[in-house]
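Values in this document were obtained by computation on a predicted structure and should not be read as measured data. Only heavy atoms go into these numbers, but all of them, side chains included; no hydrogens, no water, no symmetry mates.
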Amino acid sequence: MDAGGTGHGRGRAQHAPDGESSGGADQRQFVTALARGLEVLACFRSRDGALGNQDIARRCGLPKSTVSRLTYTLTRLGYLSVDEPSGKYRLGSATLALGSSVLARMDMRQLARPWMQQLADATGTMVSLGVRDRLSMIYVENCRSSSALTLSLDVGSRIPLASTAMGRAWLAALPEAERAQVLEDLAEQEGEHWPALHAGIERSLREARELGCACSFGDWQPDVNAIAVAVDAGRGVPRMAINCGGPAFQLSPAFLLDQARPRLLELAERLRQAVHG
């Protein structure tokens with residue numbers, strides 16, 4: 001329900017993974033060429049048509065000559081395919097195989113879906129389950145109300161971590177030291193926009209403590225309202241977040257907090273108990 005599909009969620013390939021030192025042994029283990037190749041794959045969005053090398057270079061912040069070598073290699077391996085009329089690239093079948101194997105192992109999706117649909121129908125909202133990918137959240141399950149207008153997002157949609165309810169709920173569930181590292185990465189990515197985004201995140205952290213959910217009322221897009229809660233089930237299940245919302249003209253903050261929030265919190269608790277049951 002938080003709208004998606006921009007480049008704001010991408011990480012930076014030259015950085016070591018979260019939680020690792022930028023020097024010493026950790027840095028020597030970090031393969032920059034591999035990270036850049038993965039960054040190229042990650043820059044494609046669910047709504048994109050084909051992308052050219054210049055488009056990819058702009059999104060990834062890499063030289064076009066570097067991108068040309070990466071796209072050639074990824075095409076040879078089947079991770080990209082060439083759109084013949086334009087000479088641009090689309091994600092190839094090899095990426096589909098990777099994504100399918102990941103989704104198949106996410107039992108949480110099958111567990112959550114009927115309860116998510118019940119919540120969507122009861123509140124006239126869209127309810128989505130997401131996981132973090134660097135500085136974005138990616139939808140892995142999605143349920144829409146059949147009786148209300150909802151946003152045109154689906155499984156695979158990518159939304160920003162910093163400005164969406166789902167991303168802020170995920171941040172609120174982190175241990176303080178881990179959250180500080182992610183906020184540092186966000187500050188570097190967002191530049192001059194960071195002070196306003198940081199203020200929104202701090203507000204959402206307070207909301208998560210006081211209300212049990214994080215909010216984004218027009219923060220990501222002015223016509224979108226949403227609330228979200230993290231689901232940290234443990235037992236090898238990745239930390240996730242569930243959001244609930246839709247068009248602002250249809251779903252006021254008061255409705256989401258008073259009517260949808262108790263149901264959303266109940267859903268998150270049912271999922272935690274089901275995983276541990």
Where Leu251 and Thr123 come nearest, the two heavy atoms and their spacing = CD2-O, 4.0 Å
Between atom CD of Gln181 and atom CD of Glu178, what is the distance when rounded to the nearest 0.5 Å?
-> 9.5 Å
Check: Gln117/Asp121 side-chain N/O donor and acceptor closer than 3.5 Å = yes
Taking side-chain contact (heavy atoms from CB on, under 4.5 Å) as the test, write out the residues that go with Arg261, two or more places apart.
-> Leu211, Cys213, Ile227, Leu257, Leu265
Indicate whether any N or O donor in one side chain lies under 3.5 Å from an N or O acceptor in the other, for Asp83 and Ser86.
-> yes
Residues, nucleotides or ligands: over 12 heavy atoms within 6.0 Å of Glu202 CD = yes
Sequence-distant partners of Arg76, side chain to side chain donor-acceptor pair (under 3.5 Å), two or more places apart = Tyr72
State the SG-CG distance between Cys60 and Leu51, to the nearest 0.5 angstrom.
-> 9.5 Å
Output for pair (Thr125 OG1, Arg263 CZ), nearest 0.5 Å, gives 10.0 Å
Apply side chain to side chain contact (heavy atoms under 4.5 Å, CB included) to the pair Leu186 and Trp194, showing each step before the final yes or no.
-> CA-CA 8 Å; Leu186 283 168; Trp194 176 239; 3.6 Å; yes
Tell me the side chain to side chain donor-acceptor pair (under 3.5 Å) pairs involving residues 168-177, sequence neighbours left out?
-> Arg168-Ser204, Arg168-Asp219
Spacing of CG belonging to Asp223 relative to CD belonging to Gln250, to within rounding of 0.5 Å = 12.0 Å
side-chain contact (heavy atoms from CB on, under 4.5 Å) against Glu269, all qualifying residues, sequence neighbours excluded = Arg272, Gln273
What's the shortest heavy-atom distance between Gln189 and Leu135, and which atoms?
-> OE1-CD1, 3.5 Å
Spatial distance of atom CZ (Arg132) from atom CZ (Arg239) [nearest 0.5 Å] | 9.5 Å
Under 4.5 Å between any side-chain heavy atoms of Arg59 and Asp55, yes or no?
-> no
How far apart are the C-alpha atoms of Leu62 and Ile56, what are their side-chain angles, what is the distance that settles it, and do they pass the side chain to side chain contact (heavy atoms under 4.5 Å, CB included) test?
-> CA-CA 8 Å; Leu62 294 172; Ile56 296 170; over 6 Å; no
Heavy atoms of Pro222 and Ala248 approach each other most closely as O-CB, 4.3 Å
Among all residues two or more places apart in sequence or in another chain, which pass the side-chain contact (heavy atoms from CB on, under 4.5 Å) test with Pro63?
-> Ser65, Thr66
Might you point out which heavy atoms bring Ala268 and Ala230 nearest each other, and give the distance in Å?
-> CB-O, 4.4 Å
Flag side-chain contact, heavy atom, 4.5 Å: Leu171 against Leu174 | yes
Looking at residues at least two apart in the chain, or sitting in another chain, which of them share a side-chain contact (heavy atoms from CB on, under 4.5 Å) with Pro262?
-> none
Does Leu267 share a hydrophobic cluster with Val131, counting links as ILVMFWY side-chain heavy atoms below 4.5 Å and allowing steps through other members?
-> yes
State, yes or no, whether a side-chain contact exists between Asn53 and Tyr89 at a heavy-atom distance under 4.5 Å.
-> yes
List the steps, then state whether side chain to side chain contact (heavy atoms under 4.5 Å, CB included) holds for Arg113 with Arg109.
-> CA-CA 6 Å; Arg113 183 169 180 79; Arg109 295 173 61 240; over 6 Å; no
Thr164 pairs by side chain to side chain contact (heavy atoms under 4.5 Å, CB included) with which of Asn243, Val224, Ile159?
-> Ile159
From CZ (Arg69) to CG (Leu74), nearest 0.5 Å | 12.5 Å
Taking every non-hydrogen atom, the tightest pair across Leu256 and Ala226 = CD1-N, 3.9 Å
Please tell me if the side chains of Met240 and Met137 come closer than 4.5 Å, counting only heavy atoms from C-beta onward.
-> no
